[in-house]
Undergrad: 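The structure that follows is given in the form of structure tokens.
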Amino acid sequence: SRGINLGVLSDAFVGLDKVVERWHGTRDPDEFGYLCAAALSLLVRCVLAPILDVADTAGIDLRTGLREAADNARNTL
């Protein structure tokens, strides 16, 4: 299966949940949303983009899987 093994990621999800629990009440909802959007933007630009560049150089197509995952999320969430 090309899907993500959620068991492998469960510790990461627990950690993310703890971060949200710690910080969500410290800002109003709009500000918290902007902070999350900024963090996501940095993650994409500083982590994901370089990974995709390296994968492209190596001839590994990760973009198709990411597009499929995004389409699936839009259709099911």
Side-chain angles (χ1 to χ4, degrees):
S1 165
R2 293 179 59 192
I4 295 173
N5 181 339
L6 293 180
V8 171
L9 294 177
S10 63
D11 289 340
F13 291 147
V14 169
L16 289 172
D17 289 345
K18 287 180 182 178
V19 169
V20 170
E21 288 173 17
R22 163 68 176 89
W23 290 101
H24 82 280
T26 65
R27 303 285 187 261
D28 68 58
D30 288 338
E31 184 179 3
F32 187 70
Y34 288 122
L35 290 171
C36 290
L40 179 58
S41 175
L42 285 172
L43 178 65
V44 169
R45 285 188 273 150
C46 297
V47 178
L48 183 58
I51 290 171
L52 291 174
D53 291 343
V54 170
D56 288 344
T57 300
I60 301 168
D61 179 22
L62 297 178
R63 295 173 192 273
T64 299
L66 288 172
R67 281 187 206 99
E68 290 171 357
D71 289 343
N72 182 56
R74 277 190 290 276
N75 293 328
T76 61
L77 296 180

Undergrad: Pairs in or reaching into residues 37-48: which pass side-chain hydrogen bond (donor to acceptor under 3.5 Å, both in side chains), with residues at least two apart or in two chains?
TA: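 Qualifying pairs: S41-R45.
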Undergrad: Distance-only criterion, 3.5 Å: show the donor-acceptor pairs between side-chain atoms of residues 70-77 and protein atoms not counting sequence neighbours.
TA:
residue: D71; atom: OD1; partner: R74; partner atom: NH2; Å: 2.6
residue: N75; atom: ND2; partner: D71; partner atom: O; Å: 3.0
residue: T76; atom: OG1; partner: N72; partner atom: O; Å: 2.7

Undergrad: Check the hydrophobic clustering (I, L, V, M, F, W, Y; side-chain heavy atoms under 4.5 Å; chains of links allowed) and say if L43 and L66 are grouped together.
TA: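 The answer is yes; both residues are in one hydrophobic cluster.
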Undergrad: Under the side-chain hydrogen bond (donor to acceptor under 3.5 Å, both in side chains) test, which residues partner E31, sequence neighbours left out?
TA: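 If we apply the side-chain hydrogen bond (donor to acceptor under 3.5 Å, both in side chains) test to E31, skipping adjacent residues, the hits are R27.
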Undergrad: Suppose the criterion is salt bridge (charged side-chain N to carboxylate O under 4.0 Å, His left out): which pairs have a residue in residues 12-26, not counting sequence neighbours?
TA: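 Checked against salt bridge (charged side-chain N to carboxylate O under 4.0 Å, His left out) - neighbours excluded - no pair reaches residues 12-26.
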Undergrad: Throw together a table of side-chain donor-acceptor distances under 3.5 angstrom for residues 46-53, partners on residues two or more places apart or in other chains.
TA:
none

Undergrad: Can you name the residues that form a side chain to side chain contact (heavy atoms under 4.5 Å, CB included) with T57, not counting sequence neighbours?
TA: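 In terms of side chain to side chain contact (heavy atoms under 4.5 Å, CB included), with neighbours along the sequence ignored, T57 is linked to no residue.
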Undergrad: Taking side chain to side chain contact (heavy atoms under 4.5 Å, CB included) as the test, write out the residues that go with A55, two or more places apart.
TA: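 Side chain to side chain contact (heavy atoms under 4.5 Å, CB included) check on A55 returns I60, L62.
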